[in-house]
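Below is one structure, written out as structure tokens; the observations come after it.
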Protein chains: 2
Amino acid sequence: MSKGEETKQKILQQALMLFSVKGYEETSLKDIATSVNIKAPSIYAYFKSKESLFENVIDVVMDEYLFFIRSQADTDVSLPTEKQLYTLMDNLNKYFYKQNLGLFIKRYGLVPPEKFRDYLLHKYNESEREIRKLLYDILESSSKPYKSDLDTVVTSFICVLDGLFTYLVNYSEQEYEQRLKAAWEVYWQGITTS
Amino acid sequence: MSKGEETKQKILQQALMLFSVKGYEETSLKDIATSVNIKAPSIYAYFKSKESLFENVIDVVMDEYLFFIRSQADTDVSLPTEKQLYTLMDNLNKYFYKQNLGLFIKRYGLVPPEKFRDYLLHKYNESEREIRKLLYDILESSSKPYKSDLDTVVTSFICVLDGLFTYLVNYSEQEYEQRLKAAWEVYWQGITTS
DNA sequence: CCTACCGATCGGTAGG
DNA sequence: CCTACCGATCGGTAGG
């Protein structure tokens, strides 16, 4: 990687961190530059505007997220369905707790700024579709009968996932664990015939 | 109401609207003043700073929300438990779809700005506690047996509620209705013995 | 409730 | 990648 490319990547990483923690308007180009040890105008050697930089960060975050979601397709199909579904839900949430990506997606996916609204929601919907695909794969390869039709089972899963997502950052990982446990217990009882 | 008090209320209302739609940093005092037909410095006749104005808006929003939550305690106890719980979930969400309050709570409750973080989360937790109280009241006065213990049933309800909350503004009310239907079906099946 | 005004900071450009 | 610089806008104050 060339020196210039290296700097560009550093800018993207620091911008991701600052945009996630402080927000778009609250983060100045000077903030970003300082954390990369360059001067603010130098950023324009790599990005044509603050907006453009932000859009690049969106791509980094969402591409990485989509890659992670798709990597979850490798779960062991011999495992019981419950285990597969639970692991998926937990992994998706754990992913958010581990890095700034989760905070970024929460901040800009849930309340997208006007300027980037369409772009963000498009990416956000794409990730939901990918998760739905994973769910259909798991559910269809299972012989278990479900109390509700597949669409309902899947949509409901997404809703619980989004609910847990809400607790990111505001609550400790321990509090999250408790809520996951409760939500999962009811969800699983709700879709299976006992 | 005196002329001055009237203006103060107008400022609070417009500030609520703009802070909800655009965000704290993206809303200037000039924006607020213009929409109230006064000049920006005049705001200082009523509030000592932008931060102070914002805190006042927080109080308006959360007090109104708490009042609404408590008003939900008046549901007809003779109705079946399912109906009572469903109505509560739907009413809480409908409340958000009706006014800017929902957008405000979503924006600042889910990703609170550093400066107001503690204050906002405190108010937010208070509202969750009030909702939990309503749930315990409904569940305890019911003779129905539940598959999980009360804490689990309640926490899970909150999680579904928060999931649906997530769809506010990003999705149409119709899309919300579909997701509510799916989430509710599974939730209800999950807590009751069939 | 207004006019006049302030220092600080913002995103961005020119030119190297 | 930097220095020097720009116009615009910000929250806020003085004094009425």
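We name chains A, B, ... by the order of the sequence lines, and we start the count at 1 in each one. None of the values given here were measured: they were computed from a predicted structure.
In this entry the distance linking OH of A:Tyr24 with P of C:dC10 reads 13 Å, nearest Å. Residue B:Gln9 contributes atom CD, which lies 12 Å from atom P of C:dC1 at whole-angstrom precision. Distance A:Lys22 NZ to C:dC10 C1': 13 Å, rounded to the nearest Å. Atom CD1 of B:Ile38 and atom C1' of C:dT3 are 14 Å apart (whole Å). Per the geometry, CG belonging to B:Asn37 stands 14 Å off C1' belonging to C:dC2, to the nearest Å. Atom C1' of nucleotide C:dT13 and atom CD1 of A:Ile43 are separated by 15 Å, given to the nearest angstrom. Rounded to whole Å, atom P of D:dG11 lies 13 Å from atom CZ of B:Phe54. Between A:Leu29 atom CG and D:dC5 atom P there is a gap of 21 Å when expressed in whole angstrom units.
Taking the centre and axis of the six-membered ring of B:Tyr176, the NZ or CZ atom of B:Lys94 falls outside the cone set by 45° and 6.0 Å. With B:Tyr24 as the aromatic partner, B:Lys50 meets the cation-pi criteria of under 6.0 angstrom to the ring centre and within 45 degrees of the ring axis.
Listed nucleotides: D:dC1, C:dT3, C:dC1. Nearest to the side chain of B:Pro41: C:dT3. Taking only side-chain atoms of B:Lys50, from C-beta outward, the nucleotide of D:dG12, D:dA4, C:dC2 with the closest atom is D:dG12. The side chain of B:Tyr44 approaches D:dG11 more closely than any other nucleotide in the set C:dC2, D:dC1, D:dG11.
Relative orientation of the A:Phe96 and A:Phe165 rings is tilted, given thresholds of 30° and 60° on the angle between their planes.
Listed pair B:Ser49 / D:dG11 fails the phosphate criterion, with no side-chain N or O lying under 4.0 Å from OP1 or OP2. Distances shorter than 4.0 Å separate some side-chain N or O of A:Lys3 from OP1 or OP2 on D:dC1. Using a 4.0 Å cut-off, no side-chain N or O of A:Lys39 falls inside it from OP1 or OP2 of D:dC2. At least one side-chain nitrogen or oxygen of A:Tyr46 sits closer than 4.0 Å to the OP1 or OP2 atom of D:dC1.
Taking the six-membered ring wherever Trp is involved, the centroid distance between the rings of B:Phe104 and B:Tyr65 does not fall below 6.0 Å.
Among the heavy atoms of the strands, none lies under 4.0 Å from A:Ser52. Residue A:Phe47 is out of contact with every strand shown, counting any heavy-atom pair closer than 4.0 Å. The residue A:Ser28 sits close only to the backbone: its heavy atoms come under 4.0 Å of sugar-phosphate atoms, none of a base.
With a cut-off of 3.5 Å on both Watson-Crick or G-U wobble distances, the partner of C:dG7 is given as D:dC10. Across the strands present, C:dC2 finds its partner in D:dG15; the criterion is a Watson-Crick or G-U wobble pair with both atom distances under 3.5 angstrom.
Applying the ring-ring contact (aromatic ring centres under 6.0 Å, His included) test to every pair with at least one member in residues 139-161 of chain A, sequence neighbours left out, gives these pairs: A:Phe157-A:Tyr187.
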